[in-house]
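Structure record follows, encoded as structure tokens.
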Number of protein chains: 2
Amino acid sequence: MEGLFELADLLGESMQRELDTRGLTRPRAEVVWRLGSDGTMTQKQLSQALRCTPRNVTGLLDALEGSGLVVRRPHPHDRRSTLVGLTSRGKRASAAWAEGYTKLANTLFADFNSAELASFVRILDRVRARLRRVPPVRQSLSPTAP
Amino acid sequence: MEGLFELADLLGESMQRELDTRGLTRPRAEVVWRLGSDGTMTQKQLSQALRCTPRNVTGLLDALEGSGLVVRRPHPHDRRSTLVGLTSRGKRASAAWAEGYTKLANTLFADFNSAELASFVRILDRVRARLRRVPPVRQSLSPTAP
DNA sequence: TATTGTTATACTCTATAACTATA
DNA sequence: TATAGTTATAGAGTATAACAATA
């Protein structure tokens, strides 16, 4: 089933190519993507959503604010916090990506009949659910194991 | 078909977790992986295989040599070149990862009957082949599009 | 006293350009 | 003259720790 790993790599490369043509790095694109999906949030919430440090968020937002995709606004009730949201340009970018991925998926899965697709999706869902629960198999991957 | 993108992400995270527990970064692990798959090669060949600059290879090899996973040897016929290969520890690491991924795949795809699996693999292969040919859809992903 | 976001500092990956040794 | 690998320099992402403002 190495094909699955290769497919995952190919999907990653495909996404990367898209970002390169837009002059956006992947971490910055993830910020835009997240804000587009979940809407305005504080930097703290963003750092939790992206699973990175608050310091990291500061740097990414500085760059994205500079290129006009994102705005920082004071939190109305907590003056320690900063609310982050997409500009109209950021919203267009986020929506365009979502559309692009949908198109890509449609292209990739065109020409399959519905029975095949249903079977594929069923297996995909079960594999995905299982992957979420699989713990890292540390022992078998140890490069220092005897 | 967003499930496929999510699965790709999950697989990536799963691999990343493995590397984290080993104290290896992804770029360094890719060097070890590549040398394990294709055997000894020059730094030039490595930079082409990894699609990065020769300078980048130098840095990765410096680190990997320091941790004893890789050795540099003079090329027997061309004194400009350097041959790079895995140490025995590097070979163990590479083999252990391959085994780990096989185990993961086996875990993920246990409990499916052979007809389901055959159907899944067939679609997977066709999607993969198509993905290799799909060009980036630049227009539809443009954040600056009107 | 705890939390939010920042500055200070450091390490890794990556790239381009200039340079050395060799072909 | 061209090639392989290095040093020099720079920018992005990430982390920890110390700090300011606010709760």
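Lettering of chains follows the sequences in order, A, B, ..., and the numbering in each one begins at 1. All figures in this text were calculated on a predicted structure; none of them were measured in a lab.
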Kindly write out the residues that satisfy side-chain contact (heavy atoms from CB on, under 4.5 Å) with [X], not counting sequence neighbours, or none if the list is empty.
| X | answer |
| --- | --- |
| T40(B) | L83(B) |
| D9(A) | R26(B) |
| T87(A) | V71(A), R89(A) |
| D125(A) | V121(A), R128(A) |

> Looking at residues 25-39 of chain B, who's got a heavy atom less than 4.0 Å off DNA chain C?
Replying inline: T25(B), P27(B), R28(B)
> For residues 45-66 of chain B, which residue pairs qualify under ring pair (Phe, Tyr, Trp, His ring centres under 6.0 Å), counting only residues two or more places apart or in two chains?
Replying inline: none
> Which nucleotides of nucleotides 15-23 of chain D have their base under 4.0 Å from a protein heavy atom (B), which only their sugar-phosphate (S), and which neither (-), written as one string 5' to 3'?
Replying inline: BB-----BS
With a 4.5 Å cut-off on side-chain heavy atoms, are [Y] and [X] touching?
| X | Y | result |
| --- | --- | --- |
| L35(A) | L46(A) | yes |
| M15(A) | W97(A) | no |
| Q45(A) | R34(A) | no |

>> Just to be sure I understand the geometry, which residues of residues 58-66 of chain A put a non-hydrogen atom under 4.0 Å away from DNA chain D?
In response: L60(A)
> Contact boundaries of DNA chain C with chain B (under 4.0 Å, heavy atoms), 5' to 3'?
Replying inline: dT12(C) to dA23(C)
Please tabulate, one pair per line, all N/O donor-acceptor pairs under 3.5 Å involving side-chain atoms of residues 49-63 of chain A, not counting sequence neighbours.
{"from": "T53(A)", "atom 1": "OG1", "to": "N56(A)", "atom 2": "N", "distance (Å)": "3.2"}
{"from": "T58(A)", "atom 1": "OG1", "to": "P54(A)", "atom 2": "O", "distance (Å)": "3.2"}
{"from": "D62(A)", "atom 1": "OD1", "to": "R72(A)", "atom 2": "NH2", "distance (Å)": "2.1"}

I'd like a table of donor-acceptor pairs (distance under 3.5 Å, sequence neighbours excluded) in which one partner is a side-chain atom from residues 110-117 of chain A, with atom names and distances.
{"from": "N113(A)", "atom 1": "OD1", "to": "A115(A)", "atom 2": "N", "distance (Å)": "3.0"}
{"from": "N113(A)", "atom 1": "OD1", "to": "E116(A)", "atom 2": "N", "distance (Å)": "2.8"}
{"from": "N113(A)", "atom 1": "ND2", "to": "E116(A)", "atom 2": "OE1", "distance (Å)": "3.4"}
{"from": "E116(A)", "atom 1": "OE1", "to": "N113(A)", "atom 2": "N", "distance (Å)": "3.2"}
{"from": "E116(A)", "atom 1": "OE2", "to": "R122(B)", "atom 2": "NH2", "distance (Å)": "3.4"}

> Does a salt bridge link E99(B) with K103(B), judged by any charged N lying under 4.0 Å from a carboxylate O?
Replying inline: yes
> Residues two or more places apart in sequence or in another chain: which of them pass side-chain hydrogen bond (donor to acceptor under 3.5 Å, both in side chains) with S119(B)?
Replying inline: S119(A)
> With respect to the phosphate group of dA4(D), does any side-chain polar atom (N or O) of Q45(B) fall under 4.0 Å of OP1 or OP2?
Replying inline: no
